[in-house]
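Please read the structure below before turning to the comments.
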Amino acid sequence: MIPFIDLAAQQARLKPRIDAAIQRVLAHGGYVMGPEVRSFEEQLAEFGQAKYALSCGNGTDALALPLMAWEIGPGDAVFCPSFTFAATPEVIPWVGATPVFVDILPDTYNLDPDHLEAAIEAVRAKGELTPRAVIAVDLFGQPADYPRLAEICRRHGLKLIADSAQGFGSTLHGEHPVLWADAATTSFFPAKPLGGYGDGGAVLTDDEALVERMDSLRVHGKMTKSDINGHRWDHDPKYFNARIGMNSRLDTLQAAILIEKLAVFAEEIELRQGAAKRYSAGLKGHVCATPRVIEGGRSVWAQYVIEHHDRDGLAEHLKALGVPTAVYYPVPMHRQAPYACFPIAPGGLPVSEAKSAKVLALPMHAYLTEDVQDHIIEAVRGYNG
Ligand SMILES: Cc1ncc(COP(=O)(O)O)c(C=O)c1O
């Protein structure tokens with residue numbers, strides 16, 4: 001079987017550097033919040049064109065941290081797509097708020113700005129929930145339509161989070177999502193374009209007050225400089241807690257590994273462009289749809305997703321030829337039992353539902369060779385279903 005994502009090829013390239021980085025951490029012993037964490041945060045912020053990057057335990061916590069920092073909670077509405085990974089809507093009921101599901105655009109699979117606007121107006125008209133925030137997703141690696149989404153959010157007084165778990169490193173007109181979003185989040189799950197060797201996540205933002213509050217929240221609501229300012233304490237304030245937080249830190253070992261991976265990430269994004277181009281050239285006209293990237297956008301190609309009228313038949317055919325595939329996502333979130341009670345935007349989510357029956361992801365990573373790709377393309381073209 002061809003690997004769906006070939007982490008071994010990347011490891012073979014980086015092994016001496018990663019081994020040395022791990023040894024450095026073992027030597028200094030600062031396993032939690034060691035020096036590599038701060039250093040990685042600085043490098044990540046620079047890469048993502050943000051003033052600040054705050055690392056945390058995973059990409060799900062990265063979404064929850066800004067919601068908690070903005071004190072979004074019961075009675076509040078947070079708008080998000082349904083055609084996404086569970087983490088996107090999951091964090092909304094975590095804080096007691098209500099997810100409102102919005103449809104996606106049929107070509108990019110990302111949030112439909114017109115439908116978002118209709119959803120916000122419908123929630124306002126009903127008067128039961130207060131619209132507070134939007135979580136846009138950079139699905140399969142490409143940026144959502146941030147200029148339009150940010151304009152809608154500004155007009156309605158809503159915060160905008162870019163869930164870039166799949167799209168960290170993607171740009172729109174050369175700019176990273178955080179130019180438009182109040183916070184952009186990412187995941188370092190191993191299969192992500194910038195993945196570590198375990199769980200990890202980060203939030204990027206230009207907002208200093210937000211970073212300070214999230215820094216407190218990721219360590220059990222510890223006192224921040226602003227909390228301490230002007231107060232005198234009889235004890236060391238280390239074990240004073242200013243708010244209810246959580247324990248969500250990036251391990252120093254993961255930070256050390258990610259520093260080495262970030263060093264080659266720009267080159268890997270470039271390699272992924274070549275692989276995506278080759279797929280599209282070989283498959284156009286042979287499947288219902290090859291991916292379309294938003295005008296001015298640059299995807300990091302977390303996934304290369306085609307559409308096929310007999311998706312499941314094609315997947316079986318490819319499996320028999322040693323080509324693994326994946327379906328992201330077979331059941332949109334609003335159709336899943338724990339989420340079925342939450343509101344959906346006016347007119348329902350026909351695009352999300354139609355796409356979930358047709359999409360199929362092919363093997364994709366920076367080290368895909370032309371030979372392997374030719375085999376995959378031939379296998380897809382050879383299906384007569
Ligand atoms: C769109 C999206 N959001 C959030 C997450 C959550 O990231 P993590 O698995 O690191 O918690 C993922 C990753 O699986 C994702 O694909």
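Note that ligands are numbered from 1 as they come in the structure, with each ligand's atoms numbered from 1 the same way. Scope of the values below: all heavy atoms of this structure, side chains included, with no hydrogens, waters or symmetry mates.
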### Query
Do the two ring centres, one from Y383 and one from H317, sit under 6.0 Å apart?
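So the answer is yes for these two rings.
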### With sequence neighbours excluded, residues passing side chain to side chain contact (heavy atoms under 4.5 Å, CB included) with A263
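With neighbours one apart ignored, the set is R17.
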### Message
At less than 4.0 angstrom from any atom of ligand 1, which residues have a non-hydrogen atom? List them by chain and residue number.
### Response
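Contacting ligand 1 under 4.0 Å are N58, G59, T60, T84, F85, A87, T88, V137, D163, A165, Q166, S187, K192, G200.
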### Which residues share a salt bridge (charged side-chain N to carboxylate O under 4.0 Å, His left out) with R249, sequence neighbours left out
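Not a single residue meets the salt bridge (charged side-chain N to carboxylate O under 4.0 Å, His left out) criterion with R249.
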### Close side-chain approach of P363 and I376, heavy atoms under 4.5 Å
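Touching, per the 4.5 Å side-chain cut-off.
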### Message
Among residues at least two apart in sequence or on other chains, which ones pass ring pair (Phe, Tyr, Trp, His ring centres under 6.0 Å) with H365?
### Response
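Ring pair (Phe, Tyr, Trp, His ring centres under 6.0 Å) check on H365 returns nothing, list empty.
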### Task
Answer yes when R243 and D227 have at least one side-chain N-carboxylate O distance shorter than 4.0 Å, and no when they do not.
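Salt bridge: yes.
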